[in-house]
Amino acid sequence: SAKLPIYCTDNDNREIALTINCAWGADAIYEILESLDKYNVKATFFCTAKFATIAPELIIRIHKEGHEVASHGYDHWSRTDNEPMRSKIILEGITGEKVYGYRQPRMDKVDCLNLVVNEYKYNASLNPTFIPGRYMNLFEPRKPFYRNDILNIPSSVTPILRIPLFWLSLHLFPLWMYKILCRWAL
C-alpha cells in the first residue's frame, strides 16, 4: 500500500509536503512526474475535475505512481457551492479510490462544513498571510489545526513576516533568498 502523505509536521523531523495544482498543462505534469520519479519523491496533486475529465489517463498515472490525488474543485475559474461534492465524485470515479483532500482554486475561502458533509479529511485552502486584495489571514495559524472536524493545512509562510512560500515567491526572490526563507519556515 502507498505511504500516506505528510498531513502534519508538528514533530522534530524537518519534513515538507509537496503539492502541485493541476488545472491545465498536462505536458508540464508529465515532466513533473518524471522528476519526482527520478528522485523518488511523492506529492499531492490537487486536480480540478474538469482537468481530470480531459486527461483521465494522467490522473490514473499520478495515482498508480503512488501520489495522492486530491480535489481542486471542478473548474478553476467558475465555482459553485457543490464543487467539493461534484469534483470528489469525478476524481474517485477515475482513480477508484477515496479522495481526502481539498484545495479551493486560488486558495479562496471554503466552507469547512461543506467539506465535512462531503467526507473530506483535510482542507488545504488557507494561505495564512496578507496580500492586499487577496488574503487577510495574518491571525490564522501557520501550522495544521482542526476547525469544524476537519484538519486545516495552511500553505507555508515564514514566521513573523508571513512571507508566502509558493510559486510566486520563487519567481520574485533570488533562489538563495528563497532557500533561506524555506529553512526559516521549517
Side-chain angles (χ1 to χ4, degrees), residues 5-10 14-36 38-39 41-52 54-55 58-59 62 67-79 83-84 87 91 101-112 115 120 122-145 147 151-186:
I6 302 167
Y7 290 131
C8 180
T9 59
D10 193 14
R14 293 173 59 116
E15 300 173 313
I16 64 166
L18 181 62
T19 65
I20 294 117
N21 295 343
C22 305
W24 56 83
D27 291 342
I29 302 301
Y30 284 109
E31 290 179 31
I32 290 169
L33 285 169
E34 295 301 321
S35 293
L36 294 174
K38 178 179 178 182
Y39 294 102
V41 172
K42 299 300 177 198
T44 298
F45 287 78
F46 287 95
C47 305
T48 65
K50 187 174 182 180
F51 176 81
I54 293 168
L58 181 54
I59 303 304
I62 290 168
H67 305 285
E68 180 185 20
V69 174
S71 176
H72 197 37
Y74 181 79
D75 181 65
H76 202 273
W77 302 110
S78 61
R79 290 185 289 286
E83 296 267 322
S87 63
L91 291 170
Y102 187 83
R103 175 177 286 158
Q104 185 83 317
R106 302 190 73 207
M107 296 186 83
D108 286 339
K109 290 187 189 250
V110 63
D111 179 4
C112 285
L115 299 182
Y120 284 95
Y122 71 92
N123 171 30
S125 304
L126 177 64
N127 198 345
T129 189
F130 173 71
I131 297 177
R134 288 287 300 133
Y135 308 109
M136 181 47 190
N137 299 316
L138 283 176
F139 303 107
E140 291 287 356
R142 287 181 51 244
K143 297 201 175 205
F145 63 96
R147 182 179 289 153
L151 178 62
N152 286 268
I153 305 174
S155 63
S156 296
V157 296
T158 62
I160 304 168
L161 297 177
R162 300 264 181 142
I163 297 169
L165 300 172
F166 62 144
W167 67 270
L168 186 58
S169 301
L170 184 58
H171 289 285
L172 293 175
F173 295 115
L175 184 59
W176 64 266
M177 184 182 291
Y178 188 79
K179 287 180 178 180
I180 290 170
L181 293 172
C182 289
R183 283 190 207 100
W184 189 24
L186 287 175

Just distance, no hydrogens or angles: give the donor-acceptor pairs under 3.5 Å from side chains in residues 162-177, sequence neighbours left out.
unit_1 : atom_1 : unit_2 : atom_2 : d
Arg162 : NH1    : Pro128 : O      : 3.0
Arg162 : NH1    : Leu138 : O      : 3.3
Arg162 : NH1    : Glu140 : O      : 2.8
Arg162 : NH2    : Leu138 : O      : 3.4
Arg162 : NH2    : Glu140 : O      : 3.1
Ser169 : OG     : Pro164 : O      : 2.3

Worksheet item: After noting the C-alpha distance and the side-chain angles of Tyr135 and Lys109, does the key distance pass the side chain to side chain contact (heavy atoms under 4.5 Å, CB included) rule?
Response: CA-CA 9 Å; Tyr135 308 109; Lys109 290 187 189 250; over 6 Å; no
Worksheet item: Step by step, would you call Tyr122 with Thr44 a side chain to side chain contact (heavy atoms under 4.5 Å, CB included)?
Response: CA-CA 12 Å; Tyr122 71 92; Thr44 298; 3.6 Å; yes
Worksheet item: Does the pair Asn123 and Ser125 meet the rule for a side-chain hydrogen bond (donor to acceptor under 3.5 Å, both in side chains), with working shown?
Response: CA-CA 6 Å; Asn123 171 30; Ser125 304; 2.6 Å; yes
Practice prompt. Give the C-alpha distance, both sets of side-chain angles, the deciding distance and a yes or no for side chain to side chain contact (heavy atoms under 4.5 Å, CB included) between Ile59 and Phe51.
Written response: CA-CA 9 Å; Ile59 303 304; Phe51 176 81; 4.1 Å; yes
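Scanning both residues, Pro105 and His76, for their nearest heavy atoms gives CB-O, 3.6 Å. Closest of all the heavy-atom pairs between Cys22 and Ile29 is SG-CD1, 3.6 Å. Listed here is the closest heavy atom pair of Tyr102 and Ser87: CE1-OG, 4.2 Å. Considering all non-hydrogen atoms of both residues, Arg142 and Ala185 come closest at NH2-O, 3.2 Å. Of all heavy-atom pairs between Glu68 and Gly101, the closest is OE2-N, 4.2 Å.
With Asn137 contributing its side chain and Asn127 its backbone, the two residues share a donor-acceptor pair below 3.5 Å. Not one N or O on the side chain of Tyr120 forms a donor-acceptor pair closer than 3.5 Å with the backbone of Ser71. At least one donor-acceptor pair closer than 3.5 Å links the side chain of His67 to the backbone N or O of Ala43.
In this structure, CZ in Arg103 is found 9.5 Å from CD1 in Ile20, a value given to the nearest 0.5 Å. One finds the NZ atom of Lys50 at 10.5 Å from the CH2 atom of Trp24 (value rounded to the nearest 0.5 Å). Atoms CG and CD, from Leu115 and Gln104 in turn, are 8.0 Å apart once rounded to the nearest 0.5 Å. Atoms CG and CD1, from Leu151 and Ile153 in turn, are 4.5 Å apart once rounded to the nearest 0.5 Å.
Among Leu161, Thr158, Val157, the single residue meeting the side-chain contact (heavy atoms from CB on, under 4.5 Å) criterion with Leu181 is Thr158.
Residues Thr48 and Asp75 are not in side-chain contact: their nearest non-hydrogen atoms beyond the backbone lie 4.5 Å or more apart.
Scanning for salt bridge (Lys or Arg N to Asp or Glu O under 4.0 Å) contacts around Lys42 gives an empty result, with sequence neighbours left out. In this view, Asp108 and Arg79, Arg134 satisfy the salt bridge (Lys or Arg N to Asp or Glu O under 4.0 Å) rule, not counting sequence neighbours.
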